[in-house]
Number of protein chains: 4
Amino acid sequence: MMIHSHLDSHEEGRGIATKRDEAKYDAILQAAIEVMAESGYHHAQISRIARAAGVADGTVYLYFKNKEDILVSLLRRSIGHIVALGQARLGKLTNAEEKLREIVSLYFEQLGANPKLAMVTQVHLRQVDANIRREIGSIMRPFYDALDDIVQSGIAEGVIRPTVNRRIARRMIFGTMDETVSAWVLTGSKYRLTDLTDDVVDVLLHGLSRGTGYGSTGADVQDAAQNAERSVEA
Amino acid sequence: MMIHSHLDSHEEGRGIATKRDEAKYDAILQAAIEVMAESGYHHAQISRIARAAGVADGTVYLYFKNKEDILVSLLRRSIGHIVALGQARLGKLTNAEEKLREIVSLYFEQLGANPKLAMVTQVHLRQVDANIRREIGSIMRPFYDALDDIVQSGIAEGVIRPTVNRRIARRMIFGTMDETVSAWVLTGSKYRLTDLTDDVVDVLLHGLSRGTGYGSTGADVQDAAQNAERSVEA
Amino acid sequence: MMIHSHLDSHEEGRGIATKRDEAKYDAILQAAIEVMAESGYHHAQISRIARAAGVADGTVYLYFKNKEDILVSLLRRSIGHIVALGQARLGKLTNAEEKLREIVSLYFEQLGANPKLAMVTQVHLRQVDANIRREIGSIMRPFYDALDDIVQSGIAEGVIRPTVNRRIARRMIFGTMDETVSAWVLTGSKYRLTDLTDDVVDVLLHGLSRGTGYGSTGADVQDAAQNAERSVEA
Amino acid sequence: MMIHSHLDSHEEGRGIATKRDEAKYDAILQAAIEVMAESGYHHAQISRIARAAGVADGTVYLYFKNKEDILVSLLRRSIGHIVALGQARLGKLTNAEEKLREIVSLYFEQLGANPKLAMVTQVHLRQVDANIRREIGSIMRPFYDALDDIVQSGIAEGVIRPTVNRRIARRMIFGTMDETVSAWVLTGSKYRLTDLTDDVVDVLLHGLSRGTGYGSTGADVQDAAQNAERSVEA
DNA sequence: CATGAATGAGTGTTCATTCAT
DNA sequence: TATGAATGAACACTCATTCAT
């Protein structure tokens with residue numbers, strides 16, 4: 001998997017404090033997650049974030065250009081982290097199926113381990129203005145590229161059907177993961193997100209249709225009755 | 001298809017004007033679409049919407065509880081319309097595959113025919129507060145239910161694999177459609193959304209994996225080379 | 001005297017409230033004079049002005065574009081008033097000397113009758129940004145034009161020396177009046193500004209120099225000893 | 001000319017750094033002129049002044065009490081310089097007319113040679129708070145005193161009319177010079193300020209009125225037509 | 001039903017000043 | 001002396017909502 005790496009240096013975007021207290025930077029970001037997860041982007045006053053971080057209001061502006069910059073930096077850091085992990089883990093894998101499972105697992109694992117961060121990325125991040133959405137898009141790009149690479153290499157390996165519309169394939173992968181995480185967040189993060197990995201990968205790989213003779217996975221041994229029992233999720 | 005209908009009476013939610021000038025209600029809703037599509041939710045002042053609708057500011061509050069209610073009513077109306085159409089069209093179909101294709105087609109057709117509405121539902125609707133998102137969920141319910149029905153009946157018919165996680169299946173369907181429409185909107189609505197129906201249904205039904213001997217669709221005759229050419233979309 | 005009249009319609013500049021409560025407009029302006037005279041421009045919070053005017057903060061913005069607009073409107077109104085009075089009074093006079101005396105008298109009378117307004121125009125008005133100073137210049141123009149007209153007509157009548165640099169003559173007239181009013185304001189408005197009219201006009205007309213045989217005025221009978229006694233002013 | 005000298009020791013006012021690096025003190029003052037002339041008082045951040053002076057922000061406070069103190073020190077230094085020059089030059093003159101011409105010439109020469117300084121003293125200096133204006137008054141005192149001395153000695157010599165109101169005479173002199181410099185600054189410092197000396201002195205000495213038989217100066221040979229041509233100034 | 005003038009709560013951001021090093 | 005990171009007070013302005021007419 002070729003994960004593009006220009007976002008690894010996820011600090012570049014700051015452009016304000018080149019060499020200030022890194023712990024303070026982290027504290028503000030963490031405080032922002034806490035406050036935003038609780039109150040949403042628009043109701044998360046800078047003064048509350050500052051207080052939660054243990055700094056003065058003005059200090060926030062030594063580390064971030066403005067309030068939106070905090071949000072963008074949050075996403076940049078978390079996506080950057082996921083992408084970096086992906087580079088490390090997926091590099092060792094050769095099979096597209098394994099790569100897909102790994103990236104889904106990674107995504108669920110990362111967001112599943114931090115419900116507040118997930119709340120911010122899945123819900124509050126979307127409350128911002130159009131111009132910020134553009135920047136968000138550019139931050140997500142490396143992740144999208146990683147998904148595209150998986151599809152592309154899978155086709156090359158003969159593991160993925162060459163006839164799928166690749167862009168749509170990518171959107172299916174991301175859309176399914178995104179919808180899954182959002183549902184998990186909005187229902188209170190009550191179950192383990194990673195538990196869904198196999199089911200998600202199964203449906204992504206094999207679709208809904210009962211074809212004839214396609215390769216069955218371990219998941220297939222579950223029958224419809226069992227399926228109906230899974231009710232942890234709302 | 002069992003589309004739950006309690007939201008069809010989409011006027012119930014108003015609770016303000018039981019039977020006022022219906023044309024004025026529509027005018028405000030239409031004005032809201034225009035203004036929000038252009039400026040986003042937060043920059044769409046009530047006064048601008050009122051002016052665009054040809055009514056006074058105060059009049060808006062005779063028809064809607066508040067600004068968010070306009071947004072919610074927009075969604076209620078458009079989803080209600082789609083659900084109603086779905087009831088009509090899917091009722092005649094017996095095959096789950098056909099139903100899936102029909103609902104995807106219908107969704108793309110409705111939003112594809114109204115880019116401004118799509119802009120509002122895909123982008124601006126998400127800028128609202130968390131508490132409103134709950135209401136949005138309840139509005140979407142009938143549509144989700146329709147998708148669930150398709151999955152459920154598909155399994156009963158033996159068309160859909162009984163082993164798929166049904167909730168995840170539904171999220172895959174909706175997530176893929178949603179992501180597809182969002183991408184279309186955010187790149188300027190430059191191509192025909194309905195042109196993607198077949199490719200979307202193909203990947204939903206058969207997944208990514210090149211299994212052995214699953215039933216191929218007409219789409220399958222496209223080869224990788226052709227796939228690479230599809231560049232209408234950004 | 002040809003006083004250019006485009007500023008008579010001193011309400012045009014508002015451009016916000018075309019037909020609102022005129023009494024409210026006046027109340028805000030008067031409140032602004034009170035508050036600014038006491039605290040200066042920068043310390044005159046909109047909320048204090050609003051409270052003093054008996055309106056809500058937001059109402060101020062129904063009548064004025066922003067805080068600077070209040071200041072500019074103040075000047076526009078007071079200078080406009082002086083210019084309008086000048087048109088009425090100077091129109092009846094034919095002699096440039098009389099016109100000069102009249103306009104000095106008028107200026108001192110108007111500002112002398114309203115020390116708080118004078119405090120604002122002489123002190124606080126100058127605390128604003130460069131861009132506003134430009135607008136202030138355009139508001140003062142008609143007054144400068146009136147002074148120019150007096151000089152010009154005086155020369156035509158043979159009353160004013162044709163060799164004086166007209167622009168400098170105007171600046172002397174205005175500079176002397178301005179300096180006189182400022183001194184009066186800054187020392188607490190303790191004496192009657194209009195009492196200085198004759199002495200000011202005398203020095204403007206005849207200068208400092210003891211020429212030989214120039215026409216003496218009544219003021220000339222005051223001798224140096226008396227002059228030294230005038231100590232009301234700081 | 002009796003120029004009171006207690007402000008010559010313009011360092012007294014500092015009260016902070018008694019004998020620090022004089023070059024640094026100058027550098028900060030010069031940087032302040034540059035930055036303020038460009039951006040105005042309120043937009044001239046201490047940090048920009050410090051950077052322009054090549055020192056740290058905090059260092060500024062080792063030399064100046066606060067931001068206003070920089071402005072006041074600027075005026076103190078420049079007026080002090082003018083007053084000192086005046087003492088040197090006017091001491092040699094015996095005639096009040098010559099003294100007046102010399103001090104006008106000196107004032108125009110000093111400010112005319114430094115448009116940025118003039119911009120600060122004529123425009124930005126006036127943007128300060130009312131309490132500071134009092135201190136400005138005390139700084140200007142020696143200059144006012146010099147003007148008063150000229151008037152006083154002129155009367156004693158029989159050169160200046162004993163009947164002029166002396167305080168008003170002084171205000172006319174200063175007001176005319178001030179207005180002239182301000183106009184020059186605000187129109188872009190495009191002509192030579194010193195070129196106006198003769199015209200200014202002429203009108204100060206002889207006023208506007210065409211009396212009979214007052215002593216004419218060389219300037220008088222200019223006729224009205226020529227006067228009209230002087231259009232260097234805006 | 002309709003109006004639209006009036007309301008007033010709510011907050012991101014700047015920057016002069018301080019002080020620990 | 002000098003630094004510059006940290007501080008935190010201060011406030012104009014917007015706009016959803018109301019209600020007297």
Side-chain angles (χ1 to χ4, degrees), chain A residues 16-21 24 42-51 53-70, chain B residues 16-21 24 41-51 54-70, chain C residues 16-21 24 42-51 54-70, chain D residues 16-21 24 41-51 53-70:
Chain A
I16 299 191
T18 319
K19 255 311 167 219
R20 311 260 170 112
D21 192 330
K24 213 161 270 182
H42 289 296
H43 291 106
Q45 293 120 297
I46 291 291
S47 58
R48 280 178 62 206
I49 295 174
R51 198 180 316 127
V55 300
D57 291 19
T59 304
V60 172
Y61 289 86
L62 294 177
Y63 292 87
F64 300 93
K65 190 154 57 63
N66 50 36
K67 193 178 173 182
E68 284 182 336
D69 188 37
I70 300 178
Chain B
I16 300 188
T18 319
K19 263 307 165 213
R20 309 276 167 100
D21 190 332
K24 213 163 270 183
Y41 177 72
H42 289 295
H43 290 110
Q45 293 118 299
I46 291 290
S47 60
R48 280 179 63 203
I49 294 174
R51 197 180 317 128
V55 301
D57 292 18
T59 304
V60 172
Y61 289 85
L62 297 175
Y63 290 87
F64 300 93
K65 189 154 55 67
N66 52 34
K67 192 177 173 183
E68 284 181 335
D69 187 39
I70 300 178
Chain C
I16 298 190
T18 318
K19 255 312 166 217
R20 311 259 170 112
D21 193 330
K24 213 162 269 183
H42 289 295
H43 291 106
Q45 294 119 298
I46 291 290
S47 59
R48 280 178 62 203
I49 294 174
R51 198 180 315 126
V55 300
D57 291 20
T59 304
V60 172
Y61 290 86
L62 294 177
Y63 292 88
F64 300 94
K65 189 154 56 65
N66 51 35
K67 193 178 173 182
E68 284 182 336
D69 188 38
I70 301 178
Chain D
I16 300 187
T18 319
K19 263 309 163 211
R20 310 272 168 103
D21 191 332
K24 213 164 267 184
Y41 177 71
H42 289 295
H43 290 111
Q45 295 117 298
I46 291 290
S47 60
R48 281 179 62 203
I49 294 173
R51 196 180 318 128
V55 301
D57 292 19
T59 304
V60 172
Y61 289 84
L62 296 175
Y63 291 88
F64 300 92
K65 189 153 55 67
N66 51 35
K67 192 178 175 182
E68 283 181 335
D69 187 38
I70 300 178

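Here is the naming used below: chain letters follow the sequence lines, and residue numbers restart at 1 for every chain. The figures here come from the full heavy-atom set of this structure, side chains too, leaving out hydrogens, waters and symmetry mates.
Between atom OH of residue C:Y61 and atom NZ of residue C:K65 there is a gap of 11.0 Å, rounded to the nearest 0.5 Å. Atom CD1 of B:I49 is separated from atom CD1 of B:I46 by 5.0 Å, given to the nearest 0.5 angstrom.
Set against F:dT3, E:dT3, E:dG8, the side chain of B:T59 has E:dT3 as its closest nucleotide. Of the candidates E:dA6, F:dA6, F:dA2, the closest approach to any side-chain atom of C:D21 belongs to E:dA6.
At distances below 3.5 Å, at least one donor-acceptor pair connects side-chain atoms of C:Y63 with backbone N or O atoms of C:D21.
Per the geometry, CD1 belonging to D:I49 stands 17 Å off P belonging to F:dG4, to the nearest Å. Computed from coordinates, the A:L62 CG to E:dT13 P distance equals 14 Å when rounded to whole Å. Distance, C:R51 CZ to F:dC11 C1': 13 Å, rounded to whole Å. Taking atom CZ on B:R48 and atom P on E:dG4, their separation rounds to 19 Å, with Å as the unit.
Within 4.0 Å of A:V60, counting heavy atoms only, lies no atom of the nucleic acid at all.
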Exercise. Produce a footprint string for nucleotides 16-21 of chain E: one letter per nucleotide, 5' end first; B if the base is under 4.0 Å from any protein heavy atom, S if only the sugar-phosphate is, - if neither.
Key: SBB---
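Scanning both residues, C:K67 and C:H42, for their nearest heavy atoms gives NZ-O, 3.5 Å.
Taking C:E68 as the reference, C:Y41, C:N66, C:D129, C:N131, C:I132 meet the side-chain contact (heavy atoms from CB on, under 4.5 Å) condition, with sequence neighbours excluded. Qualifying side chain to side chain donor-acceptor pair (under 3.5 Å) partners for B:H43, counting only residues two or more places apart in sequence or in other chains: none. Residues forming a side-chain contact (heavy atoms from CB on, under 4.5 Å) with A:A53 (at least two apart in sequence, or on another chain): A:A27, A:I28, A:A31, A:V55.
Phosphate contact (OP1/OP2 of E:dA5, side-chain N/O of C:Y63, threshold under 4.0 Å): absent. Applying the 4.0 Å criterion to OP1 and OP2 of F:dA5, one finds that A:K24 has every side-chain N and O outside that range.
Taking a pair as Watson-Crick or G-U with both hydrogen-bonding distances under 3.5 Å, the stems of three or more pairs touching DNA chain F are E:2-21 with F:2-21.
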